[in-house]
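Only one structure is covered here, and it is reproduced in the block below.
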Amino acid sequence: MLGIAAAVLFFIAFLINAAHIATNDVLSSTNFMLIGLAALALHVAGFGVGSGGGSGWAARRRGRRR
C-alpha cells in the first residue's frame, strides 16, 4: 500500500515540476518527492503490508523461525 502511495506522490511531484505550477513552499515538488521517498522506504522495510504477508525484514525473520 505504501508503494502505491509513493508512486502517486512521485506522479504529483512530476506534474508540479513538468507543468511549472507555482505552489507555496509546503506543496513544492521537492516536498512531494521527499514524502514519496519516505513512503517507499517504509514499503521496502515492510511497513504497511498487513499482518499476513510482506517482503521486508519481518517476513524474512518469520521465515527463519520454522
Side-chain angles (χ1 to χ4, degrees):
M1 188 66 175
L2 287 172
I4 294 170
V8 169
L9 289 169
F10 284 135
F11 184 70
I12 291 171
F14 170 75
L15 286 179
I16 291 172
N17 193 21
H20 299 289
I21 298 172
T23 60
N24 59 10
D25 291 336
V26 176
L27 296 176
S28 68
S29 64
T30 304
N31 285 345
F32 275 105
M33 181 190 64
L34 291 174
I35 294 169
L37 283 174
L40 188 61
L42 288 172
H43 172 72
V44 170
F47 289 94
V49 293
S51 61
S55 60
W57 176 82
R60 288 191 298 271
R61 185 176 170 112
R62 278 193 302 268
R64 276 191 242 149
R65 288 186 192 171
R66 289 188 222 174

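Values reported hereafter were calculated over all heavy atoms of this structure, with side chains retained and with hydrogens, waters and symmetry mates removed. Starting from 1, each residue takes its place in the sequence as its number.
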Identify the two heavy atoms, one from [X] and one from [Y], that lie closest to each other, and give their separation to 0.1 Å.
X	Y	result
Ala13	Met33	CB-N, 3.9 Å
Phe32	Leu9	CD2-CD2, 3.6 Å
Leu40	Phe10	CD2-CE1, 4.3 Å
Ala6	Ala39	CB-CB, 4.0 Å

| request: Group every Ile, Leu, Val, Met, Phe, Trp and Tyr by side-chain heavy-atom contacts under 4.5 Å, then state whether Leu27 and Ile35 land in the same group. | output: yes
| Of Thr23, Ile16, Leu34, Leu15, the residue whose pairing with Ser29 passes side-chain contact (heavy atoms from CB on, under 4.5 Å) | Ile16
| said: My understanding is that only one of Asp25, Val26, Thr30 makes a side-chain contact (heavy atoms from CB on, under 4.5 Å) with Ser28; could you say which? | reply: Thr30
| Expected output: side-chain Asn17 to main-chain His20 donor-acceptor under 3.5 Å | no
| query | Rounded to the nearest 0.5 Å, what separation is found between the CG atom of Leu42 and the CG atom of Leu37? | reply | 11.0 Å
